[in-house]
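Below: the structure, in structure tokens.
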Amino acid sequence: MARELLGKYLVRRRGKKLERFMITEVEAYDGFKDKASHASRGLTKRNAPMFGKAGVWYVYFTYGMHWMLNIVTGPEDYPAAVLIRGTEGISGPARITKYLKIDKKFNNKSATPKTGLWVESNPRFRNLKLEIKNSPRIGVSYAGSVWSKKPWRFFI
DNA sequence: TAAGTGATCTCT
DNA sequence: GAGATCACTTAA
């Protein structure tokens with residue numbers, strides 16, 4: 001799912017204006033066992049959206065100043081999400097939310113035009129093979145040698 | 001390299 | 001309720 005999101009558009013509606021940003025960098029957080037995932041210590045008030053339906057935003061606040069944008073994946077009751085780390089023109093997960101004015105008001109909301117933040121396929125890339133690379137995830141050294149090394153960061 | 005910043009989590 | 005931590009950014 002993380003790979004699928006690469007090359008697609010993150011679309012933000014503000015008033016009547018639509019802004020589209022091609023997603024270029026993501027990270028996967030998968031299941032109960034993933035020690036790098038907020039869900040590794042079970043259900044909490046904060047990570048609850050990760051346990052819900054796929055296609056819903058999980059937006060949380062960290063480091064006292066940054067909002068992180070994730071989209072929930074997987075079946076209900078199975079915690080998994082993809083962190084949107086970068087788009088064309090914006091690199092860095094906190095900068096995306098800063099520039100697109102994304103905060104807790106999107107948390108637990110569906111990714112649809114109705115909510116003002118969603119994902120669209122990219123017709124430009126329908127027939128183009130993207131060169132996708134991967135690496136360990138960023139900023140998760142606390143997760144131990146196994147989980148911090150999982151190559152679940154994907155980027156174009 | 002380190003400060004900034006405050007919500008959240010764990011432990012008492 | 002206290003203390004530690006944090007899926008980061010910026011300025012030095």
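Atoms considered below: every heavy atom in the structure, side chains included; atoms not considered: hydrogens, waters and symmetry mates. Here is how names work: the chains are called A, B, and so on, in the same order as the sequence lines, proteins then strands, and each is numbered from 1.
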Interface residues of residues 147-156 of chain A with DNA chain C (non-hydrogen, below 4.0 angstrom)
none
Taking side chain to side chain donor-acceptor pair (under 3.5 Å) as the definition, give me every residue that meets it alongside A/E19, ordered by chain and number, with sequence neighbours left out.
none
Within residues 30-40 of chain A, those residues having any heavy atom closer than 4.0 Å to DNA chain C are A/A36, A/H38
What residues form a salt bridge (Lys or Arg N to Asp or Glu O under 4.0 Å) with A/K101, not counting sequence neighbours?
none
Tabulated below should be each protein N or O lying under 3.5 Å from an N or O of nucleotides 5-7 of chain B; please produce it.
unit_1: B/dT5; atom_1: O2; unit_2: A/Y63; atom_2: O; d: 2.5
unit_1: B/dG6; atom_1: N2; unit_2: A/Y63; atom_2: N; d: 3.2
unit_1: B/dG6; atom_1: N2; unit_2: A/G64; atom_2: N; d: 3.3
unit_1: B/dG6; atom_1: N3; unit_2: A/G64; atom_2: N; d: 3.3

Pairing residues for A/Y78 by the side chain to side chain donor-acceptor pair (under 3.5 Å) criterion, not counting sequence neighbours:
A/D30
Check each residue of residues 66-98 of chain A for a non-hydrogen atom within less than 4.0 Å of any atom in DNA chain B, then write out the ones that pass by number, or none.
A/H66
Side-chain donor-acceptor distances from residues 146-156 of chain A under 3.5 Å, at least two apart:
unit_1: A/S148; atom_1: OG; unit_2: A/G144; atom_2: O; d: 2.6
unit_1: A/R153; atom_1: NE; unit_2: A/E25; atom_2: OE2; d: 2.8
unit_1: A/R153; atom_1: NH1; unit_2: A/S135; atom_2: OG; d: 2.9
unit_1: A/R153; atom_1: NH2; unit_2: A/E25; atom_2: OE2; d: 3.3

Can you list the stems that DNA chain C is part of, where a stem is at least 3 pairs in a row, each Watson-Crick or G-U, with both distances below 3.5 Å?
B:1-4 with C:8-11, B:6-11 with C:1-6
Taking only N/O atoms, report every protein-nucleotides 10-12 of chain B pair under 3.5 Å with atom names and distance.
unit_1: B/dT10; atom_1: OP1; unit_2: A/R41; atom_2: NE; d: 3.1

Quick one: list whatever passes ring pair (Phe, Tyr, Trp, His ring centres under 6.0 Å) with A/W67, sequence neighbours left out.
A/F61
Boundaries of the chain A footprint along DNA chain C (any atom under 4.0 Å from a heavy atom)
C/dC6 to C/dT10
